[in-house]
Structures are given as C-alpha cells and as structure tokens.
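Residue numbering restarts at 1 for every chain, and letters A, B, ... go by the order of the sequence lines.
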2 protein chains.
Amino acid sequence: MTHARNLDRPTIGTVARQARCSPATVSRVINASGPVSADARARVERAVAELRFRPDVHGQSLRSRRYRAIGVVVPSYTNPVFANSLAGIESTARDAARMVFTAATDYAPERELAIVEGLLAQRPEGLLLTVADADRCEALDRLDRARVPYVLVHNHPADSRRHAVAVDNFGASRDITAALIAAGHCRFAYVSGSFRTTDRGRRRFDGCVAALAQAGLPPPALAELDYMGSPQDHRRDLTALLGGGETPTALVCSNDHLALSVAAAVRTLGFSVPDDISIAGFDGIAIARLMTPSLATVETPTQAMGAAAMQRLLRLIDGERPAATVELFPYQLRSGGTCSAAPSDQTGGERRRATTT
Amino acid sequence: MTHARNLDRPTIGTVARQARCSPATVSRVINASGPVSADARARVERAVAELRFRPDVHGQSLRSRRYRAIGVVVPSYTNPVFANSLAGIESTARDAARMVFTAATDYAPERELAIVEGLLAQRPEGLLLTVADADRCEALDRLDRARVPYVLVHNHPADSRRHAVAVDNFGASRDITAALIAAGHCRFAYVSGSFRTTDRGRRRFDGCVAALAQAGLPPPALAELDYMGSPQDHRRDLTALLGGGETPTALVCSNDHLALSVAAAVRTLGFSVPDDISIAGFDGIAIARLMTPSLATVETPTQAMGAAAMQRLLRLIDGERPAATVELFPYQLRSGGTCSAAPSDQTGGERRRATTT
DNA sequence: CTGAAAGCGCTTACAG
DNA sequence: CTGAAAGCGCTTACAG
C-alpha cells in the first residue's frame, strides 16, 4: 500500500538510490555543477527520466540561496498595455528559465507596498514593476533597502537612480498635440484619469500643455474621468465639457483605453468623430487600429519594452551594475480616422446641440 | 561592517533572539499555531515589526509541505478573454492569501506539458489552466498522475471527470446563429482559427452547424484564419470566401478578437458591415462594445469565471471532493450594430465587387 | 506555555 | 571522480 501523501514524489535521494550513487552526484548531473563520470551520468539521467524527477525548488532555493523567479507588478491585466508588457516579460523570462509571479495593484498605489512585501517573501531574484508614481513610492523604497534588483516598466522617474524602460511621454504627447494644432485645432481638452497621481500621466499632460503654449494657445480644458468607469459614466462626465458654447474640437486622451470609451461617449452625445471632434489616444493598442475610424494615437512598443525590462533585470541579477537610467523606447505617431482637420466654423459660439441617445 | 550578502535578511532566529524566546515560539505566533503567553506574543510581535520580518516561504514550504501558491496557464495574456479570467483568478487568489505563477502557452499545445512541469517543480497547491483540448492533453494526464488538484477555465471537456468552468459553447453558438437566421440570413460562413484543435472551438462550430441544419440550411462555408495573423493576413484569407458569386451575408466568428479583425478586413475589401455582411463574435470583450457599430456577440462572464475556478480550486485544496463537473456559466446574446437583417437582394449571383483598398 | 531537536529536499565545501 | 556531512529557514511532534 502506497502513501497517498503527495504520491511519494521522488526526491534526489530516490534518484540516487536508483542510480546507485550519492545525492551529491545526482545534484552534479542535474546542475552540471561538477565532474561526473560518463557512467554515473548515464545512470543518473536514466533514473531521472524513469522517475520523472524534477528537483523541488524550495530545497534548491533554500540551500543555494538562489531562486530563479521574478515578481511582476502591473496595475491591471485587462489594459492591453500591461497585458502586452506582461507577455514580453514572461516570454523573455521563460527563455531565461525563470518563473514569473504576477500581481495587480488595480491602480491603487496604497496596495503597492503590501503586494511587494508578499512578493519579497517568495525571495525572487528581482522584480519588474509598473507603479503609479516612481518618484514617491514606498514599495520602491522598500526594494532599495532590501537591495533586491528591480526595473520599472512604463514609469518615468525623475530621480533616475532607478532603472526604467519607458517612452518619452512628454515628447510624444507634445508631438501628437502639435499635429492636431497643425491640423487647425485651437480649442483643446485633455481627458484623463486622475493624471496627477501617476508620473507618466503628469508627463503626458505637460507635453500637451507645452505644445499649446508653444503655439500661443491657451491650456486645454480638463476632464478627469474615472478611468475604471463605464462609457455611460464617461458620457455623463463629458456632458459639461461639451455642452457649453466653447466646445473643444480636439480631445487629447491620456491613453487608448480611455480614448475608445470617450469616442463612444462623444458619439452618443450627438457629435461626429472626427467631423465635429477629433480624438487622439496614447499607447497604440492593437485593437484601436481595427476600429472604423481607426484611433489616432502614439504607438509604443509595449511588448518589446516588457522584454527589454526583463533583459535589463537579468543583467542586474547577473551582477552587472550598469548605471541606472531610464531607457527610452522610440514612439511613433499613428495617424487615424479619429483625427481630422478642425471644423471650418471654428469661430466659437453655439455649435451642434448635444443630444443624448 | 555588515555583510553585503542579501542584506542579512532577518530569519526566525533573529526574531527569536530579539524577542528572547525560541524559534518555535516565534513560529507559533506567526502562524497562530499553538499556545503562547500574552507576554511572549507581545515581544515577538514587536520584534517582527521592528525587523520587518517575513518568513521565507521556501523554509516554510519545505518543512510544512504546504506552499500557498497557484500555477496558472493561459493561452495568451493579450486576448482580453484570458486577461479577464486572469484578473478574476488573481484577485480571488489574493483574497485567499495565495500567490500566483503565470505562464502562457502562446496557443501551442505542444508547450503545455513543459509549462506544467515547470509549474509543478514549484510545488504549488494546485493549478488553473486553459488548454487547447481538455480531452487529449498530456499536461492534464500528468496532473492526474501527480494528484495535483486543478480546474480548467474556458475548456469544456467531454470527459467530465475533470473540473471545469465554462459556458455552453455549443448552445451559445447555436443561439447566435439562430438569431441571424431569424434576421433572414441564409448564406453563412464560419470564420475561426484552427478550431479543430480546441475543444471550445469544436463546440462553437458544431453549434453553428446545428442551428443551420435545424433551419434546413446548408452548412456554413469555412474560413480558417491564422488566429495570430494581422488584419492584412485576414483580408487576404477572406478574399476567396467573399470574392465568389455566392458571397455569404453572415459571418459567424469563433471569437471577438477575430471578429474585430475580420470586420476591419471585410471593410477594406469594399463591403459594408452590416449592410452587405453581418458579423457576429463570441466572448463579449468590453472593447467590442465601444466600436461603432458595436459588435454583436455572446457575452460571457470571463472575470467571474476565473474567480469561480479559483474558488473551486480552493475547495479542492481544502480537501473537499466535490464530483468533478463542468460548471456552465450563463451567457447572453448581445445584439450589436454589426448584425442586421439580411440584404434584400439575396438571390445569389454577382454582388458588390470586392475591391482592395 | 515553552524549548530542544529532528528533518523537509536540496547544494556545497571538504576530504579522499 | 565520489560521497559523507553540514546546513539553508522553517515547523512540528515531543518532552517538560
């Protein structure tokens, strides 16, 4: 009668017995960590295969003080931006024989520390994170103290003693705004979640403002929406912005996810996109290209950024000590059907009456 | 001079010394696993806080033979369906104090076994998986032999000795096809990835065929697209289907992700959606509702399904032995602008000429 | 209520 | 090239 308990999973001792050698020799074969005779190696390999032996990582990690696992913190799984970087991260990790722990903050900065603590208890080799604000983040301070290597993804710390992989959020936002100015727009609104609380949100906003200032235009009207809200919520929030006489003709949105929802909301308010109102996003999520009209946006290589962050982390783990820098990936403006020339009757005053559908 | 090595992370021994007690007492406090005097408890709690002590999970797991971690296998992170179930899984896991390992198969069944082996080496309490075909899957056979509990998500095994959380793919696909038939369509095509290789793909296809048969209509034309391909690829693949004289008026797509790409491709071929061709999806991803026209589809509660699968797994881990069943979640037809009544000139013959844009 | 001791599955100097 | 022994950080009977 066999023990039900864990089905007697083989240990290194089981393998050693079957291969007629010591556990040390089995370990040397498995890890290629020392000289083993061809004969012994063959016996061990045979036993490993027959028993389907895989060393227990807890035993390995405890003794060797090395656990080939990476902790990953994302704000959300369902935003395609983070899904993409996660895909890049995990596939690179797999190639490097690393397991990946994932945890989502649900955009709540106050959860970041607890999540990082939970991850640290696993004793990973390092972490990859997208946090709200890399310049004021207890979780990162904790990692610094614990001397656990980490790389930020999408964050853009001002204090660049932190490793990060990002795009030039300021420049990209400035450029896409400038493109709208060039298309004749002069009444802008900036639509975002609570952008003050994230470093990339602030940079994107600042880029928009900078482009307008450079063109001698007033700063954008502001619409701060609940990022997690429904299109119905967004429609409600946009009513004030679009109901007045000075309706903006161009909405610069802080990200694509939001821009898609805003486009839908604006349409149900009775405006045409882009004939009445042009809409620009940020990120370049694949699905936004499939819409008709397609979303004008800033294309960012999110998956490659995830992969690059993982590669950088692997270098840190291997003991390299490159200067901490924010590695900026190239972005690209993607023109799209949601942006067109400004309407010709842009003299202000009463425009099309907003109607709810 | 302190050791650089791992910053001398405190161990249970460090805490014991500082609290003037034995490691056993510290362990009892941390795990609430035995009687401790109020006084000793206070000293330990103080020391734990001061030292920021978190027990090393490898030590805990090795000794207690219990590791509060779950392995999750998804086909892809970037398909919103799996991103959603992952979100449901991870948030439920967090509430139950479980860490989550994630790995993607990239839709390649041949990677499933290796991924599961890697996960098993971590000694997780259980696994949650979405595999290609739950009826023929080495990875699942392996899990059965290892007696590691697992629950399938989205899979729909015929052999229901396996725990699964899914929707009635057959019924839902039959229903949405029937709705198109009721709208007057009689020339159908079924558009999918390589549906023969996944259990849910087969059921969805069968449901479509069944609805047509019941209405006395011929089976659908078939377009098997590379699911991971670009819209350009899809346009190329659809040219043959739509170029002939007997152009279908209704495309039933095996999932929303594909349906969005197909809708874009069909439009660039010169057809109007839905005036010339109606398109139906499957899954109910949020973003498809934002499109104009919105995607008609089958809404499935993907996040709730992930959460339910995790809950079921937790029960299995706790030693409950409920009969293995496929738990079917309710689905809902979502009408949308991509589906309309069949065009009136449905007498066959040459329709609108396909043009490439 | 408390602590000493054993041991989980491994790896790694060390001695041969 | 090989194995005996120690020990990684914990938990858990066991004895008191």
Side-chain angles (χ1 to χ4, degrees), chain A residues 3 5-45 47-48 51-69 120-125 146, chain B residues 3 5-45 47-48 51-69 120-125 146:
Chain A
H3 288 204
R5 189 249 266 259
N6 227 1
L7 207 71
D8 294 322
R9 198 190 283 285
T11 72
I12 203 170
T14 323
V15 177
R17 221 170 304 122
Q18 178 150 340
R20 302 187 312 281
C21 66
S22 74
T25 297
V26 176
S27 175
R28 287 188 192 104
V29 172
I30 288 169
N31 302 299
S33 59
V36 181
S37 68
D39 188 49
R41 178 184 311 280
R43 292 200 314 277
V44 169
E45 279 166 352
V48 164
L51 294 165
R52 285 190 160 76
F53 173 72
R54 297 274 310 232
D56 183 319
V57 295
H58 301 301
Q60 290 186 307
S61 305
L62 196 56
R63 174 58 227 245
S64 69
R65 309 188 138 292
R66 150 152 247 206
Y67 181 33
R68 293 180 167 271
L120 282 180
Q122 317 298 314
R123 306 295 189 260
E125 292 177 290
Chain B
H3 288 202
R5 189 249 265 259
N6 229 3
L7 206 70
D8 293 324
R9 197 191 285 283
T11 71
I12 202 169
T14 323
V15 177
R17 221 170 303 124
Q18 178 149 340
R20 303 185 314 279
C21 65
S22 74
T25 297
V26 176
S27 175
R28 287 187 193 104
V29 171
I30 289 169
N31 301 299
S33 58
V36 181
S37 68
D39 188 50
R41 178 183 312 283
R43 292 200 314 275
V44 168
E45 279 166 353
V48 164
L51 294 164
R52 285 191 159 76
F53 173 72
R54 296 277 309 233
D56 183 319
V57 296
H58 300 302
Q60 290 187 305
S61 306
L62 196 56
R63 174 59 226 245
S64 70
R65 308 187 138 293
R66 151 153 248 205
Y67 181 33
R68 292 180 167 272
L120 282 179
Q122 318 297 315
R123 305 298 188 258
E125 292 177 290

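- Checked against side-chain contact (heavy atoms from CB on, under 4.5 Å), A/Gln122 has the following partners two or more places apart in sequence or in another chain: A/Phe101, A/Pro124, B/Val57, B/Tyr67, B/Met99.
- Remark on DNA chain C: of its neighbouring residues B/Ala40 and B/Gly59, the 5'-side contact belongs to B/Ala40, judged by nearest-heavy-atom nucleotide.
- The stretch residues 28-36 of chain A comes close to DNA chain C through A/Arg28, A/Asn31, each having a heavy atom under 4.0 Å from the strand.
- Partners of B/Arg54 according to the salt bridge (charged side-chain N to carboxylate O under 4.0 Å, His left out) rule, which considers only residues two or more places apart in sequence or in another chain, do not exist here.
- Partners of B/Ser64 by side chain to side chain donor-acceptor pair (under 3.5 Å), not counting sequence neighbours: none found.
- Contacts between chain A and DNA chain D, taken as any atom within less than 4.0 angstrom of a protein heavy atom, begin and end at D/dC1 to D/dG9.
- Using a 4.0 Å heavy-atom distance criterion, A/Phe53 is classed as a sugar-phosphate-only contact.
- The shortest distance between side-chain heavy atoms of A/Val29 and A/Val26 does not fall below 4.5 Å.
- Residues forming a side chain to side chain donor-acceptor pair (under 3.5 Å) with A/Ser61 (at least two apart in sequence, or on another chain): none.
- For B/Glu125, the side-chain contact (heavy atoms from CB on, under 4.5 Å) test picks out B/Arg66, B/Arg68, B/Ile70, B/Arg98, B/Ile317, with sequence neighbours left out.
- At a threshold of 4.5 Å between non-hydrogen side-chain atoms, the residues B/Pro55 and B/Ile12 do not count as touching.
- Residues that satisfy the salt bridge (charged side-chain N to carboxylate O under 4.0 Å, His left out) test with A/Arg63, not counting sequence neighbours, are absent from this structure.
- Toward the 5' end of DNA chain C, the nearer of the two residues B/Asp39 and A/Pro23, judged by each one's closest nucleotide, is B/Asp39.
- Legend: residues meeting salt bridge (charged side-chain N to carboxylate O under 4.0 Å, His left out) with A/Arg20, ordered by chain and number and at least two apart, are absent.
- Rounded to whole Å, the C1' atom of D/dG16 lies 16 Å from the corresponding atom of D/dT12.
- Under the 4.5 Å side-chain criterion, counting only non-hydrogen atoms from C-beta, A/Arg123 is in contact with B/Arg9.
- Mapping B/Thr11 and A/Ser37 onto DNA chain D via the closest heavy atom, the residue that lands nearer the 5' end is A/Ser37.
- By the side-chain contact (heavy atoms from CB on, under 4.5 Å) test, B/Ala40 pairs with B/Thr25, B/Val36, B/Ser37, B/Arg43, sequence neighbours left out.
- With a cut-off of 3.5 Å on both pairing distances, the Watson-Crick and G-U wobble pairs of DNA chain D assemble into stems of 3 or more at C:1-3 with D:14-16, C:5-12 with D:5-12, C:14-16 with D:1-3.
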